[in-house]
Protein chains: 2
Amino acid sequence: MTTAVRVLLADDEHLIRGALAALLSLEEDLVVVAEAATGPEALAMARAHAPDVAVLDLQMPGADGVKVATSLRTELPGCKVLIVTSHGRPGHLKRALAAGVRGFVPKTVSAQRLAELIRTVHAGNRYVDPELAADAISAGDSPLTAREAEVLEHAADGAPVAEIAERAALAEGTVRNYLSSAATKLGAENRHAAVRLARERGWV
Amino acid sequence: MTTAVRVLLADDEHLIRGALAALLSLEEDLVVVAEAATGPEALAMARAHAPDVAVLDLQMPGADGVKVATSLRTELPGCKVLIVTSHGRPGHLKRALAAGVRGFVPKTVSAQRLAELIRTVHAGNRYVDPELAADAISAGDSPLTAREAEVLEHAADGAPVAEIAERAALAEGTVRNYLSSAATKLGAENRHAAVRLARERGWV
DNA sequence: GGCCCCGTCTGACATTTGTCATGGCTGGTG
DNA sequence: CACCAGCCATGACAAATGTCAGACGGGGCC
């Protein structure tokens with residue numbers, strides 16, 4: 001038999017990470033060489049152990065899975081990335097693929113299936129959960145312009161327009177204009193609903 | 001040895017549920033008798049198998065862990081409930097304890113620890129994660145009155161005041177008043193930030 | 001080059017939202 | 001009972017937000 005696939009496991013939930021490590025270890029051709037609980041930790045571990053496949057949770061403290069994937073792409077081009085997520089937002093999938101991620105699946109898959117997918121991406125193939133892919137396609141591209149998205153992000157925590165204007169170095173009128181056009185494009189009543197929708201679709 | 005502890009496992013993420021079931025099965029004195037992916041399913045499974053301990057995820061489709069716990073309390077008083085959660089909000093802990101939950105821990109605990117806790121609650125003891133407990137205590141009780149909380153909930157999705165007023169059968173001025181006082185109590189700039197804060201503390 | 005479309009940016013105006021002062025009602029206290 | 005404290009409810013006014021028409025500049029196209 002060829003040498004086993006070396007896997008890095010990154011998830012902030014100890015319970016899941018440990019359980020997963022145990023289950024994957026039952027597979028003869030897989031070996032978990034490192035675990036991490038945060039984005040930066042995952043990067044450090046990847047540098048230290050140079051795994052064949054990195055299984056990354058999408059939401060982790062420090063840096064999310066996509067950011068880690070982006071860094072890995074340049075630092076360890078040979079390391080394939082498989083993203084696992086609880087709440088699949090269409091935009092995330094798009095960002096992930098742009099970052100060179102080879103696989104993207106929800107946490108509702110079984111461990112058995114995950115093991116298969118690790119082999120799949122290790123073999124150089126790609127895999128995206130069909131349901132998530134359908135969502136991403138139906139959600140389509142973000143209709144927002146760069147500025148609109150930027151301003152919307154600044155508005156995310158409910159900050160008043162004056163504060164957004166200062167942070168974005170724009171006139172208040174301009175900020176209101178972008179928020180308004182973003183809300184219109186998203187079919188939202190106001191900017192707060194717009195933020196919520198953009199979040200759901202992964203456009204911010 | 002006495003007969004093994006019969007455990008019900010409910011979590012919407014197959015990956016985790018399966019992995020967890022496998023790990024707990026390694027413990028000689030624990031046996032997973034049923035699994036569920038949704039709140040209603042968890043209830044049905046509990047009725048069918050009458051487990052000794054129910055390990056419930058806080059966030060599940062259909063009905064959350066606390067709602068399931070509330071139903072279980074009357075239907076199966078002998079069944080101890082242990083809640084597991086990814087994002088611990090102080091208010092949830094309070095609601096959970098009020099619902100008669102015997103244990104409340106974040107998913108960052110290890111499987112080994114979880115097994116111990118299952119035994120702990122089965123023995124009739126309680127356990128609450130110290131960090132979550134500290135958060136709950138420092139966050140304190142909700143300062144919001146019934147109406148304030150109600151109006152804030154209606155405002156959650158960014159709806160305009162007119163719509164909230166209609167749904168709550170109040171004058172617009174009254175709605176604005178409640179939103180304003182809620183925002184003041186929470187130390188928020190405006191109602192949208194207030195909604196966010198109340199969500200974080202589990203007060204809505 | 002000349003044209004047009006699109007994104008960026010702005011101020012003026014209409015609408016919505018936040019704040020305040022006030023009054024009615026209920027429940028606990030002396 | 002009389003009193004006070006707290007919640008509920010409202011309208012009037014001030015402040016923030018959303019909408020509009022339009023100016024400027026760059027990139028693609030004939």
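Every chain is numbered from 1 and lettered A, B, ... according to where its sequence line falls, protein lines coming before strand lines.
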Look at the side chain of A:His122 and the backbone N and O of A:Ile118, then say whether any donor-acceptor pair between them is shorter than 3.5 Å. no

Outermost contacting nts on DNA chain D, any atom under 4.0 Å from chain A heavy atoms, listed 5' then 3', are D:dT17 to D:dC20

For each nucleotide in nucleotides 7-20 of chain C, reading 5' to 3', give B when a protein heavy atom comes within less than 4.0 Å of its base, S when such contact involves only the sugar-phosphate, and - otherwise. SSBBB-----BBBB

Should we say atom CD of A:Glu166 is surrounded by more than 12 heavy atoms from elsewhere, each under 6.0 Å from it? no

So, A:Thr85 and A:Gln59: side-chain donor and acceptor under 3.5 Å apart, yes or no? no

Around atom CD of A:Glu189, are there more than 12 heavy atoms of other residues, nucleotides or ligands at under 6.0 Å? no

Does a salt bridge link B:Glu200 with B:Arg89, judged by any charged N lying under 4.0 Å from a carboxylate O? no

Could you give all pairs that pass the side-chain hydrogen bond (donor to acceptor under 3.5 Å, both in side chains) test and reach residues 5-19 of chain B, with sequence neighbours left out? A:Ser86-B:Glu13, B:Asp11-B:Lys107, B:Arg17-B:Glu35

Assess whether atom CD of B:Glu131 is packed by more than 12 heavy atoms of other residues, nucleotides or ligands within 6.0 Å. no

